[in-house]
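Remember, it's a predicted structure, so these values are computed and weren't measured experimentally. In what follows, every chain begins at residue 1, and chains take the letters A, B, ... in the order their sequences are listed.
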Amino acid sequence: MSGDHSHNEGQVDCGSRINDSHKHKDKYKEHKHKKDKEREKSKHGNGDFSDKKHKDKMKHKDGSTDKHKEKRKEEKMKPLDGKVKKENGFASLPHVKSEPEDDAYHSPKNNKPLKRERDNDFDSDFKPKKIKTENDKKAKKRKQEEEDIKPQKTKSKKGEVADGKKKPKQEPEEKWKWWEEERYTDGVKWKFLEHKGPVFAPPYEPLPSKVKFYYDGKPMKLSPEAEEVATFFAKMLDHEYTTKDVFRKNFFKDWRKEMTSEEKSKITDLKKCDFTEMSEYFKAQSEARKAMTKEEKLKIKEENERILQQYGFCIMDNHKERIANFRIEPPGLFRGRGDHPKMGMLKRRIRPKDIIINCSKDSKYPEPPPGTKWKEIRHDNKVTWLVSWTENIQGSIKYIMLNPSSRIKGEKDWQKYETARQLKKCVDRIRAQYREDWKSKEMKIRQRAVALYFIDKLALRAGNEKEEGETADTVGCCSLRVEHIKLYPESEGQEFVVEFDFLGKDSIRYYNRVPVEKRVFKNLQLFMENKEPEDDLFDRLNTSILNKHLQELMDGLTAKVFRTYNASITLQQQLKEITNGEDNIPAKILSYNRANRAVAILCNHQRAPPKTFEKSMQNLQAKIDAKKEQLSETKRELKSAKADLKVRRDEKCKKLVEGKKKAVQRIEEQLMKLEVQATDREENKQIALGTSKLNYLDPRISVAWCKKWGVSIDKIYNKTQRDKFAWAIDMADEDYEF
DNA sequence: GACACAACTTAGCAGGCCAATG
DNA sequence: CATTGGCCTGCTAAGTTGTGTC
């Protein structure tokens with residue numbers, strides 16, 4: 001079947017929009033009908049593709065997928081029923097409700113053996129076996145939690161707190177090395193979880209009456225609800241998108257929903273709305289904020305710190321862990337990335353009754369604000385989130401989860417890199433396989449093989465199908481359309497060149513011209529035969545088919561593993577290749593950044609050139625020129641000092657020469673540093689290094705590199721990054737091989 | 001297999017903060 | 001001491017993957 005966009009539409013999802021009114025639902029239905037029609041149409045368009053029948057033949061070729069599934073399920077279930085409770089004695093933990101209000105956290109006091117076992121025979125080759133079942137021996141080893149990891153506050157009773165004997169609250173207690181402990185292997189994510197719930201957005205503060213909104217030139221007092229939404233628009237007035245039709249249309253429609261009936265009947269044209277006074281007011285406010293005194297700023301900082309201390313941490317399995325996003329997203333106007341059909345829609349304010357709390361049964365539950373209720377409190381230890389709510393733009397669920405430095409995120413991250421290392425071991429086999437599949441009789445298999453080749457060679461994303469009209473039109477590998485590639489049998493002296501030009505995730509453009517193997521080229525020609533530009537290139541393929549196949553090739557293998565693998569292996573290779581032992585530290589760091597950059601380019605991690613780029617570049621160049629001037633000046637001085645020394649061979653002259661020599665050296669070093677900086681910055685203009693550093697590069701490669709070349713780790717990772725990669729920093733030595 | 005839904009990772013950007021600089 | 005500029009952090013959108021149901 002052809003894969004034009006209609007392909008995507010089956011997914012249109014009425015039911016998921018929990019918060020939508022009935023009216024809405026009806027609308028969605030209509031939409032769906034329309035799409036069905038489109039699909040019908042497209043079927044006729046390209047239904048004549050030769051091996052349609054193969055498709056069915058191929059279904060469940062071997063049934064192994066199902067087997068796998070079942071196995072996993074079985075193993076997941078087992079421990080939950082019996083073991084979990086038994087092992088950690090969690091269910092019998094005492095309740096802590098009686099604790100005084102202001103105590104931040106309460107660990108289970110009686111210290112049931114909650115600590116996950118320290119793995120003595122720890123095997124540095126982490127085995128990412130998600131299906132491994134915890135055996136009894138290991139389970140027994142789980143031992144008691146050390147006192148010192150608990151938050152200090154919890155430990156001290158009121159009296160102690162009062163007499164000030166308590167240690168400072170953020171005392172860097174010995175860092176917990178979770179990576180030296182046994183992992184959960186049964187789908188359980190935690191056994192004890194206690195937290196304070198989310199922090200809600202501050203309530204709306206109505207504008208002072210002197211700040212007026214004008215309609216059709218006349219001042220008009222808005223109801224608080226309508227006024228709030230109006231302020232959202234006013235705050236964005238300087239942005240280009242308030243001029244976009246879609247944005248304005250969506251905004252106006254949602255704004256009208258908040259209006260009283262009088263307002264609604266009066267305000268019928270957005271063009272007649274004048275928000276400038278409101279806009280000015282907010283600008284003034286932000287100026288005022290900037291102009292605040294130190295004391296005022298400090299006060300705000302302290303208040304934020306207080307909130308952080310109160311809400312920013314949770315207790316998970318007896319360890320205090322930092323929460324990533326404990327603040328609920330404030331209401332505002334939705335601005336998607338790229339050409340988003342929903343830009344400008346109102347993002348609703350989230351209330352307690354929208355919130356689902358997830359925590360231990362035996363924890364002290366978070367309190368909803370006075371006079372309110374949570375939507376639900378549940379106790380699901382198979383998930384990692386603490387709080388969730390459904391967002392009203394796409395109807396998707398949002399979560400509050402832990403910081404990347406937490407055990408639960410760290411383990412997963414570590415596992416991700418281990419899976420990528422697994423791929424390293426069998427990537428040759430897999431490559432041989434897909435090359436073989438380029439010749440397959442079955443179209444489906446050929447498409448799968450060519451797509452996989454792209455994912456491997458070009459680090460493309462999998463490319464799920466998307467609902468048309470719900471999001472910006474972006475694609476990944478499996479959802480590429482004919483219009484996104486051009487074939488050149490010959491171009492610029494190269495044979496079989498494919499030109500890619502499409503919008504990927506976040507509507508970032510992917511543009512690349514690559515020579516491919518002849519077979520790939522021929523296959524692409526075949527896939528494109530008799531298709532319209534808007535038809536799917538891989539009409540027999542989707543991410544689910546692809547990933548099922550990958551799963552069969554290697555346990556845990558999915559499309560995104562290739563990105564991780566190729567990114568990490570590229571970094572390692574590049575570092576080996578371009579690091580020069582003779583170089584000084586800044587030059588070595590430049591080499592690192594260049595290796596990092598090679599990865600960022602591979603993964604197409606782009607950024608908008610910083611607004612101040614040109615200027616700051618000029619400044620840097622000026623500095624370099626000044627430094628050069630200084631250098632030649634000092635060199636001249638050295639020369640004359642030397643000349644002096646020849647004439648009058650006294651101590652003073654000798655010292656002067658030495659001094660000047662050192663100065664020259666120092667300045668040369670400074671100059672080099674500046675030049676390196678300039679090169680680095682220039683090369684980095686449109687490339688974002690952060691994303692790959694944070695998500696794709698096995699941190700142990702970087703740690704090993706630092707150790708090998710005597711570069712301090714904080715030259716490569718800032719504080720946050722060091723926290724996130726603490727496991728890697730602790731365990732990798734200079735010989736680490738990805 | 002299609003779909004709905006859930007959970008979790010990956011992504012770029014804005015704006016605040018803070019250190020370097022004049 | 002004020003200014004500047006670059007880095008960091010927080011934010012939240014936009015992906016991928018997995019699972020359950022029909």
Side-chain angles (χ1 to χ4, degrees), chain A residues 7 9-18 32 55-56 58-60 69 72-73 76 130 187 189 239 286 289-290 297 300-301 304 324-330 332 334-338 340 342-343 347 358 380 382-385 388 390-391 393-399 401-404 408-409 412-413 416 461-467 470-472 474-479 504-508 542-548 550-551 556-561 563-564 603-608 610-613 615-616 619-620 623 677 681 688 690-692 694-696 718-721:
Chain A
H7 187 93
E9 333 232 322
Q11 276 195 344
V12 171
D13 144 27
C14 311
S16 73
R17 284 168 198 77
I18 291 169
K32 198 166 178 176
K55 215 174 168 183
D56 297 323
M58 283 309 293
K59 260 192 250 172
H60 285 95
K69 234 196 235 159
R72 213 174 305 147
K73 215 190 317 182
K76 268 189 172 170
K130 35 184 168 185
K189 303 294 171 58
H239 272 110
S286 109
R289 224 172 302 127
K290 275 182 212 154
K297 279 183 182 169
I300 291 173
K301 215 178 151 187
N304 279 333
N325 56 325
F326 55 90
R327 286 172 198 276
I328 299 276
E329 296 170 18
F334 176 81
R335 171 54 175 142
R337 318 256 165 91
H340 198 117
K342 299 196 172 186
M343 65 169 81
K347 202 168 104 164
N358 193 32
D380 182 355
K382 294 286 187 53
V383 296
T384 67
W385 54 268
S388 75
T390 302
E391 152 268 354
I393 303 288
Q394 321 272 358
S396 65
I397 307 170
K398 300 260 188 170
Y399 304 93
M401 291 183 187
L402 296 194
N403 199 65
I408 213 157
K409 294 290 182 189
K412 199 81 188 299
D413 206 35
K416 174 182 75 188
R461 295 186 184 82
N464 282 305
E465 298 157 24
K466 301 167 79 191
E467 305 169 36
E470 297 291 297
T471 61
T474 63
V475 298
C477 186
C478 294
S479 48
K505 181 176 179 180
D506 292 321
S507 293
I508 297 291
N542 61 40
T543 54
S544 163
I545 295 171
L546 179 66
N547 280 334
K548 252 176 213 148
L550 293 175
Q551 190 57 236
L557 188 60
T558 63
K560 85 188 185 94
V561 177
R563 252 168 102 79
T564 313
C603 294
N604 201 41
H605 291 143
Q606 297 188 30
R607 62 166 184 176
K611 279 171 200 126
T612 55
F613 185 84
K615 207 178 132 207
S616 80
N619 289 349
L620 191 57
K623 261 192 195 168
Q677 205 186 344
R681 199 186 292 172
T691 305
S692 49
L694 232 49
N695 300 300
Y696 289 104
N718 67 34
K719 179 76 176 83
T720 320
Q721 294 168 159

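Going from atom CH2 of A:Trp385 over to atom P of B:dA6 covers 10 Å, rounded to whole Å. Taking atom CZ of residue A:Arg607 and atom C1' of nucleotide C:dC7, one finds them 11 Å apart after rounding to whole Å. For the pair A:Ile408 CD1 and B:dA7 C1', the interatomic distance rounds to 12 Å; values are reported in whole Å. If you measure from atom NZ of A:Lys409 to atom C1' of B:dT9, you get 7 Å, rounded to the nearest angstrom. The separation between A:Asn695 atom CG and B:dA11 atom C1' is 8 Å, rounded to whole Å. The distance between atom NZ of A:Lys382 and atom C1' of C:dG20, rounded to the nearest whole Å, is 14 Å.
Of the two residues near DNA chain B, A:Ile545 and A:Leu694, the one whose nearest nucleotide lies more 5' is A:Ile545. Comparing A:Ile397 and A:Lys560 against DNA chain B, the residue whose closest nucleotide sits nearer the 5' end is A:Ile397.
Looking at heavy-atom distances under 4.0 Å, A:Thr543 makes no contact with the nucleic acid at all.
Counted by atom type alone, A:Thr474 and A:Lys466 present one or more donor-acceptor pairs between their side chains at under 3.5 Å.
The closest donor-acceptor contact from the side chain of A:Asp506 to the backbone of A:Ile508 lies at 3.5 Å or more, if one exists at all. Side chain of A:Asp413 to backbone of A:Lys409: no donor-acceptor contact under 3.5 angstrom is found. Checked by atom type and distance alone, the side chain of A:Gln551 pairs as donor or acceptor with a backbone atom of A:Gly556 at under 3.5 Å. Side chain of A:Asn325 to main chain of A:Met401: a donor-acceptor pair is present (N/O by atom type, distance under 3.5 Å, no hydrogens or angles).
For B:dC8, one of the phosphate oxygens OP1 or OP2 lies less than 4.0 angstrom from a side-chain nitrogen or oxygen of A:Lys189. Dashed line: the shortest gap from a side-chain N or O of A:Thr558 to OP1 or OP2 of C:dT16 is not under 4.0 Å.
Contact between A:Leu546 and A:Ala559 at its shortest, heavy atoms only, is CD2-CB, 4.3 Å. Across A:Lys297 and A:Lys290, no two heavy atoms sit closer than the pair NZ-O, 3.3 Å. Taking all atoms of both residues into account, the shortest heavy-atom contact from A:Ser507 to A:Gly338 is OG-CA, 3.4 Å.
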N/O to N/O distances under 3.5 Å, protein versus nucleotides 1-4 of chain C:
none

Polar atoms only, N or O, under 3.5 Å: list the protein pairs with nucleotides 14-21 of chain B and their distances.
residue, atom, partner, partner atom, Å
B:dC18, OP1, A:Lys301, NZ, 3.4

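Side-chain contact between A:Arg461 and A:Lys560 is absent, with no heavy atoms from C-beta onward closer than 4.5 Å. Two residues are said to be in side-chain contact when any heavy atoms from C-beta on lie closer than 4.5 Å; A:Leu694 and A:Gln721 meet this criterion.
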Annotated protein contacts, base or backbone, on nucleotides 8-15 of chain C with a non-hydrogen cut-off under 4.0 Å, one of B, S, - each: SSSSBSBS

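By the 30° and 60° cut-offs, the orientation of the rings of A:Phe334 relative to A:His340 is perpendicular.
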